[in-house]
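One is the number of the first residue; the rest follow in order along the sequence.
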Amino acid sequence: MISVAIDGPAGAGKSTLSRRVAEKLGYIYVDTGALYRTVGLKFINLGYDTELNCDIEEILSKTDIEIKYINGEQRVFLDKVDVSEDIRTPNASMMASAVSAKPPVRAFLLEMQRKLARGNNVVMDGRDIGTVVLPNATVKIFLTASVKARADRRYKELCEKGIETDYKSVYDDIEKRDYNDSHRDIAPLKPADDSVLADTTKLNVEQSLELLLKIVKEGIK
């Protein structure tokens, strides 16, 4: 099986580009960030904040997360409810960063991710795919862009979805997530030693897609 690991910071366009790369190659797309957002949403729904002062393992033991592919699109279900749209809010984003720093959460989701890669050709995106989840991935890419470019894109995306926010909050959220993700003790955000850097600061979506496809095709020759 061929596995493509695409890591990078918040707002780098991993989900959009990884999905399109998978479509072009005929692979399954696995959005691991959506899984962490879904776990985060579970704790939000239970009334917890990012301090997570609770028995995480006990809550996870009563949590059911499923990935389903409906008309070729990944949909995420939390306790049998489709939460694919609910997990895209800024609040869910911050909670995802908080839960991802907790070892029980990472262990809870790790085998789910690896199982998908064992049985399918996959494009999997996240923050530690090439370093932890799929250390032997066929191709590893570290996708990044400047904070401003990422904030611009995320703000536009949220506005198009009708989610009320302000630009400064989006920018500050990305800066905070960058710091949290790169400084956490467990699986911090960093490029794998054998990854290829893809900086899309000055590229549009189509140019970014072309760059990633070029890197993948060269890597699977």
Side-chain angles (χ1 to χ4, degrees), residues 4-24 29-37 40 50 87-101 123-133 137 139-219:
V4 179
I6 300 181
D7 291 308
K14 295 187 301 295
S15 298
T16 299
L17 291 169
S18 297
R19 183 182 297 108
R20 293 191 62 183
V21 167
E23 288 173 357
K24 292 285 186 180
Y29 164 57
V30 183
D31 176 5
T32 64
L35 299 177
Y36 284 99
R37 286 169 176 267
T50 54
I87 61 176
R88 297 300 170 184
T89 64
N91 196 19
S93 174
M94 286 306 301
M95 187 61 91
S97 186
V99 300
S100 67
V123 175
M124 189 177 295
D125 74 327
R127 284 170 175 72
D128 65 344
I129 308 305
T131 54
V132 176
V133 180
V139 180
K140 299 178 185 179
I141 298 172
F142 193 82
L143 179 67
T144 191
S146 69
V147 174
K148 183 180 184 305
R150 288 184 281 135
D152 290 348
R153 295 167 187 171
R154 178 60 60 84
Y155 180 71
K156 180 181 179 183
E157 176 189 3
L158 292 172
C159 288
E160 289 175 347
K161 290 183 177 180
I163 298 173
E164 290 189 18
T165 186
D166 64 273
Y167 181 81
K168 185 177 186 304
S169 294
V170 173
Y171 189 99
D172 290 347
D173 173 57
I174 287 177
E175 276 200 320
K176 185 174 181 180
R177 289 205 66 185
D178 282 356
Y179 182 85
N180 290 345
D181 292 340
S182 60
H183 286 79
R184 67 190 182 208
D185 294 331
I186 305 298
L189 171 67
K190 62 179 181 179
D193 292 339
D194 52 348
S195 65
V196 179
L197 180 67
D199 189 325
T200 65
T201 299
K202 298 181 180 179
L203 305 180
N204 61 31
V205 174
E206 294 304 320
Q207 292 168 330
S208 299
L209 176 61
E210 185 178 336
L211 173 61
L212 295 193
L213 285 170
K214 180 175 182 290
I215 293 171
V216 172
K217 288 174 181 177
E218 288 178 353

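Counting only distance, with no hydrogens or angles, the side chain of T89 and the backbone of A92 share a donor-acceptor pair below 3.5 Å. Distance alone, capped at 3.5 Å, is enough to place a donor-acceptor pair between the R37 side chain and the I87 backbone. K14 places no side-chain N or O within donor-acceptor distance of the main-chain N or O of I6, the cut-off being under 3.5 Å.
Side-chain contact check for I141 versus V216: some heavy-atom pair is nearer than 4.5 Å. The shortest distance between side-chain heavy atoms of L212 and L143 falls below 4.5 Å. Using a 4.5 Å cut-off on side-chain heavy atoms (C-beta onward), R150 and D178 make contact. Between P191 and T144, every side-chain heavy-atom pair lies at or beyond the 4.5 Å cut-off. Taking 4.5 Å as the limit, some side-chain heavy atom of S97 sits within range of a side-chain heavy atom of D181. Side chains of Y36 and S93 form no contact here, defined as non-hydrogen atoms less than 4.5 Å apart.
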Evaluate the side chain to side chain contact (heavy atoms under 4.5 Å, CB included) criterion for residues Q207 and K202: first the C-alpha distance (whole Å), next the side-chain angles of each, then the deciding distance (0.1 Å), finally the verdict. CA-CA 9 Å; Q207 292 168 330; K202 298 181 180 179; over 6 Å; no

Passes side chain to side chain contact (heavy atoms under 4.5 Å, CB included), D125 versus Y29? Steps please. CA-CA 8 Å; D125 74 327; Y29 164 57; 3.3 Å; yes

With side chain to side chain contact (heavy atoms under 4.5 Å, CB included) as the test, would you mind laying out the steps for S195 and D7 before giving the verdict? CA-CA 9 Å; S195 65; D7 291 308; over 6 Å; no

Take I129 and T32 through the test side chain to side chain contact (heavy atoms under 4.5 Å, CB included) and record every step on the way to the result. CA-CA 9 Å; I129 308 305; T32 64; 3.7 Å; yes

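When each of V196, L189, T131 is tested with F142 by the rule side-chain contact (heavy atoms from CB on, under 4.5 Å), just one qualifies, namely L189.
In summary, R154 and E157 engage in a salt bridge, as defined by a charged side-chain N under 4.0 Å from a carboxylate O. A salt bridge links K168 with D172: at least one charged nitrogen is closer than 4.0 Å to a carboxylate oxygen. Remark: K148 engages D152 in a salt bridge, criterion side-chain N to carboxylate O under 4.0 Å. A salt bridge links R20 with E206: at least one charged nitrogen is closer than 4.0 Å to a carboxylate oxygen.
Judged by distance alone, the side chains of R127 and S100 never bring a donor and an acceptor atom under 3.5 Å apart. D199 and T201 share a side-chain donor-acceptor pair at under 3.5 Å.
Taking the six-membered ring for Trp and thresholds of 30 and 60 degrees, Y171 and Y167 have ring planes inclined between 30 and 60 degrees apart.
Residue E164 places its CD atom among 12 or fewer non-hydrogen atoms of other residues, nucleotides or ligands, all under 6.0 Å distant. In this structure, D193 places its CG atom where only 12 or fewer heavy-atom neighbours from other residues, nucleotides or ligands lie under 6.0 Å away. By the neighbour-count criterion of 12 heavy atoms within 6.0 Å, atom CD of E210 is sparsely surrounded, having that number or fewer from other residues, nucleotides or ligands.
Residue T50 holds its OG1 atom at 6.0 Å from CE of M95, rounded to the nearest 0.5 Å. In this structure, the separation between CG on D173 and OG1 on T165 is 8.0 Å, given to the nearest 0.5 Å. Expressed to the nearest 0.5 Å, how far OG of S169 lies from CD1 of I174 amounts to 11.5 Å. Atom CZ of residue R19 and atom OG1 of residue T16 lie 6.0 Å apart, to the nearest 0.5 angstrom. In this structure, CG on L213 lies 9.0 Å from CG on L211, to the nearest 0.5 angstrom.
Contact between R153 and A12 at its shortest, heavy atoms only, is NH1-O, 3.9 Å. When all heavy atoms are compared, the tightest approach of A5 to A137 is CB-CB, 3.9 Å.
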